[in-house]
Structure formats: structure tokens, C-alpha cells
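Okay, structure first, notes after.
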Amino acid sequence: MIDVIIPTRNAPAVLALCLTHYWANAHDDRFVASVTLLDNCSEAPGMNAVFREVTRRGARVIRHERNIGVWASLNRGVALSRSEKVFVLTSDILLGPGALVELDRAQDESGVSFLGPKVVSDFLEFIPLLYERTKESVINRGTYNGACWLAPRDLYQRIGMFDPRFYVCFGDTDFTQRVVDALYTYGVAEHVPCIHLDKQSRRHDHTEGEDTAVEMRDAERFHEKWADRPDVLARHPRLTSIQYAVSKAGWKEAIPR
């Protein structure tokens with residue numbers, strides 16, 4: 001069985017779109033034991049209406065009294081899970097038909113412990129890409145989707161939870177490095193597409209202008225933590241704020257528009 005946990009903050013329209021795609025395409029009562037929304041102290045109008053609807057559908061909503069950040073929030077969700085596997089779905093991911101079933105099957109067949117779908121776009125007009133499926137199961141090892149993934153619950157028990165010192169970035173980078181150090185594997189299922197509405201939540205929360213500063217702070221903490229591992233830092237070099245902004249823009253240009 002699988003427990004689904006969904007961290008969220010504000011942006012009710014984006015959250016509703018994420019949940020619409022999840023319930024229509026990915027949810028299956030036969031193997032999903034629970035769905036839990038982890039709300040980081042949302043204040044946006046409309047969030048309560050979304051929470052009422054998901055509660056009506058059988059999901060649980062846990063509302064934090066303060067904004068503790070993505071990774072600390074996920075730690076609470078994982079700690080509450082009881083199923084064999086945990087599926088993390090951030091609230092700006094749109095899934096296609098059968099995504100969770102396909103990820104589960106691909107994980108069992110490949111043995112990859114930390115497995116996510118492939119991001120095919122971050123623009124709504126490319127939703128049709130979610131319905132273009134290949135028959136062959138292909139796993140791209142050595143890359144990860146830090147916004148959506150499936151992992152066995154005992155992975156967290158063996159290597160620990162996410163580092164709560166990271167707010168929004170590098171929690172996944174830090175975790176996957178610990179996955180490798182513990183001789184586990186991570187990857188992306190190339191045949192399972194998703195759309196990542198990158199930063200849409202923070203755009204709706206009117207904090208997009210703070211993104212670079214927050215992300216650079218997380219980067220500093222990552223470099224401090226791994227200062228004695230030059231092999232790790234070589235793969236994640238320290239960037240100036242301008243270089244970071246350019247690198248993000250380059251990543252977005254690589255995605256279809």
C-alpha cells in the first residue's frame with residue numbers, strides 16, 4: 001500500500017488543479033491507503049474551500065501553525081505514514097493517467113529506491129503531453145525529480161528524514177546524496193510524464209521576488225553541510241545570485257513551450 005503526502009502553501013487554484021489531476025488520473029483505492037495534505041500556514045482566500053473538498057473525498061488535512069518550510073513539513077508527513085511506500089506530490093505537479101501505478105511497477109522492477117516521474121513541461125498548454133505514453137519502461141538513473149517521488153518508508157528509517165535546515169531548495173539534493181552514500185539508488189521514470197508548474201505557488205503567494213534570496217540561502221547551507229566532501233560540491237558548485245538566476249532560466253528554456 002501507498003500513503004500520499006502533499007505539501008502545500010497558499011495558491012488554491014494551483015493546488016486544486018494538482019488535486020484534480022491526482023484524483024482523476026493517479027488515485028486508486030485498491031493500493032492508496034491514505035492521502036494527507038500538509039499545509040504550511042496558508043492564508044490565501046480559497047484554501048479552506050479546497051480543504052473541505054479533499055476532506056469530503058477522504059483525505060486528511062494537517063495545518064501547521066507556522067510556515068516551517070517544505071522539508072520539515074514533509075518530515076511530519078513521512079512520520080505519520082504507515083504504509084510500505086510513501087508518495088510525495090508537491091502541490092504544483094500535474095500527473096497523467098496511471099502515473100502512480102506505473103511508478104510503483106517501475107520501482108519494483110528496477111529496484112530504484114527514490115523514483116520520480118519525468119518533468120515534460122512547466123506550462124499548462126502542454127497538458128496533452130501527460131496523455132502521450134510510451135510502452136517501454138525506461139529509468140534514467142542518476143537524476144531525480146525533487147518535486148514528486150515514490151520511496152519505500154523504510155528508506156527514511158534507514159538514512160533519516162529530510163534536513164529541516166533547508167527551506168525549499170537542496171533538501172532533495174541533500175537527501176539523494178545520502179541515498180547514494182547508503183548504497184541505494186535514485187532515478188526518473190522516463191515513461192511517466194508530469195508537468196511541474198514551477199514556482200506557481202510562490203507567484204500566487206506574492207513571494208516570487210524573494211525566490212533567489214531564499215534559494216541562495218539554502219545553497220549556502222548545503223555547501224556548509226558538505227564542506228568536507230569536495231566530490232559532492234563539485235557537482236553542485238557555488239553560484240552567485242546572477243549565475244543562479246541564469247541557470248534557472250536555462251533550465252526553463254530546455255522545457256517545451
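In this structure, the side chain of Ser42 engages the main chain of Asn10 through a donor-acceptor pair within 3.5 Å. Counting only distance, with no hydrogens or angles, the side chain of Asp218 and the backbone of Tyr167 share a donor-acceptor pair below 3.5 Å. A distance-only check finds no donor-acceptor pair linking the side chain of Gln177 to the backbone of Val232 [under 3.5 Å]. Here the side chain of Thr176 pairs a donor or acceptor atom with the backbone of Asp172 at under 3.5 angstrom. Put simply, the side chain of Gln107 gets close to the backbone of Val112: a donor and an acceptor are under 3.5 Å apart. At distances below 3.5 Å, at least one donor-acceptor pair connects side-chain atoms of Ser121 with backbone N or O atoms of Phe123. The closest donor-acceptor contact from the side chain of Asn40 to the backbone of Ile68 lies under 3.5 Å. The main-chain N or O of Val138 is found under 3.5 Å from a side-chain atom of His191 such that the two form a donor-acceptor pair.
We find that Arg56 and Glu53 are joined by a salt bridge, their nearest charged nitrogen and carboxylate oxygen being less than 4.0 Å apart. Remark: Asp39 does not engage Arg9 in a salt bridge, criterion side-chain N to carboxylate O under 4.0 Å. Between Lys85 and Asp3 no salt bridge is recorded (no basic side-chain N to carboxylate O distance below 4.0 Å). The existence of a salt bridge linking Glu224 and Arg221 is excluded, since no basic side-chain nitrogen approaches an acidic carboxylate oxygen closer than 4.0 Å. Salt-bridge annotation for Arg165 and Asp174: absent, with no side-chain N of the basic residue lying under 4.0 Å from a carboxylate O of the acidic one.
Side-chain contact between Pro117 and Asn145 is present, with heavy atoms from C-beta onward closer than 4.5 Å. With contacts defined as side-chain heavy-atom distances shorter than 4.5 Å, the pair Cys194/Lys118 does not qualify. Residues Ile159 and Val179 are in side-chain contact: their nearest non-hydrogen atoms beyond the backbone lie under 4.5 Å apart. Side-chain atoms of Ile93 and Cys148, non-hydrogen and from C-beta on, do get closer than 4.5 Å to each other. Here the side chains of Val119 and Ile195 are not in contact, with every heavy-atom distance at 4.5 Å or above. With contacts defined as side-chain heavy-atom distances shorter than 4.5 Å, the pair Thr55/Leu37 does not qualify. Taking the side chain as every heavy atom from C-beta outward, Val88 and Leu74 approach each other to under 4.5 Å. Within the 4.5 Å cutoff, the side chain of Leu80 has no heavy atoms near those of the Val78 side chain.
Between Thr143 atom OG1 and Glu190 atom CD the span is 8.0 Å, to the nearest 0.5 Å. Distance check, rounded to the nearest 0.5 Å: SG of Cys169 to CH2 of Trp71 gives 8.5 Å.
In terms of hydrophobic clustering, with Ile, Leu, Val, Met, Phe, Trp and Tyr side chains grouped at heavy-atom distances under 4.5 Å, Leu94 and Val35 are assigned to different clusters.
Between Val120 and Pro193, the closest heavy-atom pair is CG1-CB, 3.7 Å. Closest non-hydrogen pair, Thr90 versus Ala147, comes out as OG1-O, 2.7 Å. For Ser81 against Val86, the heavy-atom pair with the smallest separation is OG-CG2, 3.4 Å. The shortest heavy-atom contact between Pro152 and Ser113 is CD-O, 3.2 Å.
Counted by atom type alone, Tyr144 and Thr173 present one or more donor-acceptor pairs between their side chains at under 3.5 Å.
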Take Tyr156 and Phe175 through the ring pair (Phe, Tyr, Trp, His ring centres under 6.0 Å) test and state the conclusion after the steps. CA-CA 10 Å; Tyr156 301 98; Phe175 188 80; 5.4 Å; yes

Audit row: Val192, Leu115, side-chain contact (heavy atoms from CB on, under 4.5 Å) steps and yes/no: CA-CA 11 Å; Val192 183; Leu115 184 65; over 6 Å; no

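Partners of Trp149 under the ring-ring contact (aromatic ring centres under 6.0 Å, His included) rule, at least two apart in sequence or in another chain, are Phe114, Phe162. A search for ring-ring contact (aromatic ring centres under 6.0 Å, His included) contacts involving His27 returns Tyr22, Trp23, not counting sequence neighbours. Contacts of His236 classified as ring-ring contact (aromatic ring centres under 6.0 Å, His included), with partners at least two apart in sequence or in another chain: Phe222.
For the pairing with Leu95, the side-chain contact (heavy atoms from CB on, under 4.5 Å) check across Leu100, Leu89, Leu130 returns one residue only, Leu89.
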